[in-house]
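Predicted, not measured: the structure shown is a model, and the values here were computed from it.
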Amino acid sequence: MKNIFISTSIPYVNSVPHIGHALEFVQADAIARFYRQRGADVFFLSGTDDNALKNVQAAEAAGKAVGAFVDEHAEVFKKLLAILEVSNDDFIRTSRDERHIKGAQKLWAACRPEDIYKKKYKGLYCLGCEEFKTEKDLIDGECPEHPGRKLETVEEENYFFKLSNYQEKLEKILASGEIRVVPESRKNEMLAFIREGLADFSISRSVARAKNWGVPVPGDPSQIMYVWFDALSNYINALGYADEAPNFAKYWAKADDAIHVIGKGINRFHSIYWPAMLLSARVRLPKNIFVHGYLTVDGAKISKTLGNVIDPFEVVGKYGADATRHYLLRETSAYGDGDFSYEKFAERYNGDLANGIGNLAARISTLAEKLGDIKIDLKKDTEPGIIAKIAETRDELNKTMGEFKFNDALASIFSLVSLADKYVNDKKPWTAGDHRVTLANALVLIDNIAALLWPFLPATSEKITAGIKWKDAETLSVKKISNLFPRI
């Protein structure tokens, strides 16, 4: 059994979640469920980044105490994970969990002394990214991630991390695949950034500018940890890094795999800054960093100003968790940006779910239920072509999920749905005659489809499996499976 660590990024809690957050949550959940289904011991982590200055400013704008404000929003993110049927094992709060505060301070203290130094600095700061920007980072003087938002000029004395000490090492780690950044284009972006020359980066803020909110720098009461140094350490802190807990050894230090699921806007932090910090502190590195794109809405960037923010709670409330998960995983390009529109949602829902797996499961289970217990000899009765196609789909799923291509993985499963539909339409088991073998083959297909769907559509998978019961190795008992996905 393999031990695997899987994490989402931890979102800022300056506002409530939108549909883009749901995308990352269900992607990470599909990976976790996929590996659990294959026998791995998975620790799946999510949480919230409470300590950013933008959270403080949002609380002030709302006229609320910072602690109460971030608590309120963190609970909304927890609820979103729950309604999406996300199977995370833990949820970490960077402001409330003592294990995080102790771990972040331990990581700071564990970094090599020559890697951390203090100096006065003046630069342009993007509050949206919570990062100082250089001229090469900007497009027409603006942050490309937050166009239209004015950069702040900040001057103060901070601690810096000597990232330049790790230039050659980081290039080798990424180029060799010791840390595998997926897709290749995101890896190449990071290599190009490294080869331009790595600049040291600020890892603290004055207590005054941080509004005294965040993790204190060990040994210097005038400084608060820069939010990214603090936040990135959440991954190991949740496992008990501060106290060298058993979970830290099992799911990080000695784990077979450690996978981060993140958005493209924070690739640099995870593929460059985080490994450098771990190297300095002599802690093992993650093995896989999957970098997904963004969601637009009807072709436009999600923006409060445009008024096109899609509430994921509303989508799930209207269509259900599995339908929402299916759209996000099936309709979104694995390596590029995706788009959300209610029109495309309805098309995908009716095509794949209502007319596809929902209709197939309903009509076959209805016919099979009338036969009572169905005897089947798997060696003699099942058609070789069907068994071969199921095996081929399993192999394809292993390949596509290893590459984090969720859309291709689902496409391969729904090719089995099409095969089952064609098989049933050709055999016509609703006509007069003995159709035991035909229905048995159709049920074997549906049963396997349900199992393959579980990482993606867990509730649907479980409903189908509950309707198709193997009483023993040769006997199927079937109950009607209806209304999985009523047409919209």
Side-chain angles (χ1 to χ4, degrees), residues 4 6-9 19-38 40 42 44 46 80-81 84-88 180-187 257 259-264 267 287-296 312 315-316 319-341 344-345 347-349 351-353 356-357 392-418 448-461 485:
I4 300 177
I6 298 168
S7 73
T8 67
S9 63
I19 196 69
H21 294 105
L23 172 66
E24 180 168 305
F25 294 159
V26 299
Q27 286 176 334
D29 187 57
I31 298 167
R33 288 177 181 273
F34 177 81
Y35 283 113
R36 287 193 190 112
Q37 193 177 50
R38 280 146 187 79
V42 172
F44 174 22
S46 191
L80 179 58
L81 289 164
L84 287 168
E85 303 286 347
V86 174
S87 61
N88 54 302
R180 176 175 166 250
V181 179
V182 179
E184 189 84 4
S185 60
R186 301 300 175 195
K187 166 188 165 180
D257 202 352
I259 305 168
H260 294 313
V261 179
I262 63 163
K264 64 182 182 180
N267 188 11
K287 289 187 71 173
N288 283 282
I289 300 174
F290 167 60
V291 187
H292 63 78
Y294 291 155
L295 275 185
T296 56
V315 180
V316 174
Y319 302 111
D322 273 11
T324 305
R325 290 170 65 105
H326 180 70
Y327 181 86
L328 293 172
L329 295 169
R330 181 80 167 87
E331 190 69 23
T332 306
S333 167
Y335 297 165
D337 292 341
D339 186 65
F340 183 95
S341 79
K344 284 189 287 189
F345 192 105
E347 289 174 4
R348 181 62 71 182
Y349 177 102
D352 285 353
L353 303 179
I357 185 62
E392 178 187 318
T393 304
R394 283 203 192 101
D395 290 343
E396 181 65 16
L397 203 60
N398 289 334
K399 179 176 180 292
T400 52
M401 285 301 287
E403 297 169 344
F404 309 115
K405 293 182 176 179
F406 311 99
N407 52 335
D408 289 347
L410 277 167
S412 66
I413 296 171
F414 277 85
S415 72
L416 277 184
V417 175
S418 298
N448 277 275
I449 289 166
L452 295 172
L453 274 178
W454 184 74
F456 313 96
L457 281 66
T460 301
S461 170
F485 297 101

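- For Ser9 against Ile262, the heavy-atom pair with the smallest separation is CB-CG2, 4.2 Å.
- Contact check for Thr324 versus His326: no side-chain heavy atoms found under the 4.5 Å cut-off.
- Counting only distance, with no hydrogens or angles, the side chain of Gln27 and the backbone of Phe404 share no donor-acceptor pair below 3.5 Å.
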How far apart are the C-alpha atoms of Tyr327 and Val315, what are their side-chain angles, what is the distance that settles it, and do they pass the side chain to side chain contact (heavy atoms under 4.5 Å, CB included) test?
-> CA-CA 11 Å; Tyr327 181 86; Val315 180; over 6 Å; no
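- Note that CG of Leu23 and CG of Asp337 are 10.0 Å apart. Values are rounded to the nearest 0.5 Å.
- Using cut-offs of 30° and 60° on the angle between ring planes, the pair Tyr349 and Phe485 is perpendicular.
- To the nearest 0.5 angstrom, Lys264 atom NZ is 9.5 Å from Ser185 atom OG.
- Contact of the Leu453 side chain with the Leu410 side chain is registered, since non-hydrogen atoms from C-beta on lie closer than 4.5 Å.
- Arg180 places none of its side-chain heavy atoms less than 4.5 Å from the side chain of Phe290.
- Considering CG of Asp339 and OG1 of Thr332, their distance stands at 9.0 Å, rounded to 0.5 Å.
- Scanning all heavy atoms of the two residues, the minimum distance from Pro312 to Ile19 falls at CD-N, 3.8 Å.
- With hydrogens and angles disregarded, no donor-acceptor distance shorter than 3.5 Å links the side chain of Arg325 to the backbone of Leu457.
- Residues forming a side-chain hydrogen bond (donor to acceptor under 3.5 Å, both in side chains) with Asp322 (at least two apart in sequence, or on another chain): Thr460.
- We find the CD1-CD1 distance between Ile6 and Ile259 to be 4.5 Å, quoted to the nearest 0.5 Å.
- Each of Thr400, Val26, Leu328, Ile31 was evaluated against Phe406; a single residue qualifies, Ile31, per the side chain to side chain contact (heavy atoms under 4.5 Å, CB included) test.
- In terms of heavy atoms, Ser412 sits closest to Glu396 at CB-CG, 3.8 Å.
- Within the 4.5 Å cutoff, the side chain of Phe414 has heavy atoms near those of the Leu353 side chain.
- Taking both residues in full, the closest heavy atoms of Gln37 and Ala451 are given as NE2-O, 2.7 Å, listed atom of the first, atom of the second, then distance.
- Checked against side-chain hydrogen bond (donor to acceptor under 3.5 Å, both in side chains), Lys399 has no partners two or more places apart in sequence or in another chain.
- The OG atom of Ser461 sits 9.0 Å away from the CZ atom of Arg33 when rounded to the nearest 0.5 Å.
- Arg394 is listed as a side-chain neighbour of Leu452, based on a closest heavy-atom distance under 4.5 Å.
- Side chains of Ser46 and Leu81 form a contact here, defined as non-hydrogen atoms less than 4.5 Å apart.
- Between the side chain of Glu85 and the main chain of Ala459, no donor-acceptor pair closer than 3.5 Å is present.
- With contacts defined as side-chain heavy-atom distances shorter than 4.5 Å, the pair Arg36/Ser87 qualifies.
- Using bins of under 30°, 30° to 60° and over 60° for the plane-to-plane angle, the ring pair Phe340/Phe345 lands in the tilted bin.
- Applying the salt bridge (charged side-chain N to carboxylate O under 4.0 Å, His left out) test to Arg348 and every residue at least two apart in sequence or in another chain returns Glu331, Asp352.
- Nearest heavy atom pair, residue Asn407 against residue Ser333, reads ND2-CA, 3.8 Å.
- Between Glu184 and Lys187 a salt bridge is recorded (basic side-chain N to carboxylate O distance below 4.0 Å).
- Of the inter-residue distances, the one linking Ile449 atom CD1 with Ile357 atom CD1 reads 5.0 Å to the nearest 0.5 angstrom.
- Counting heavy atoms from C-beta on, the side chains of Phe44 and Val86 come closer than 4.5 Å.
- Heavy-atom minimum distance, Ala22 versus Leu84: CB-CD1, 3.7 Å.
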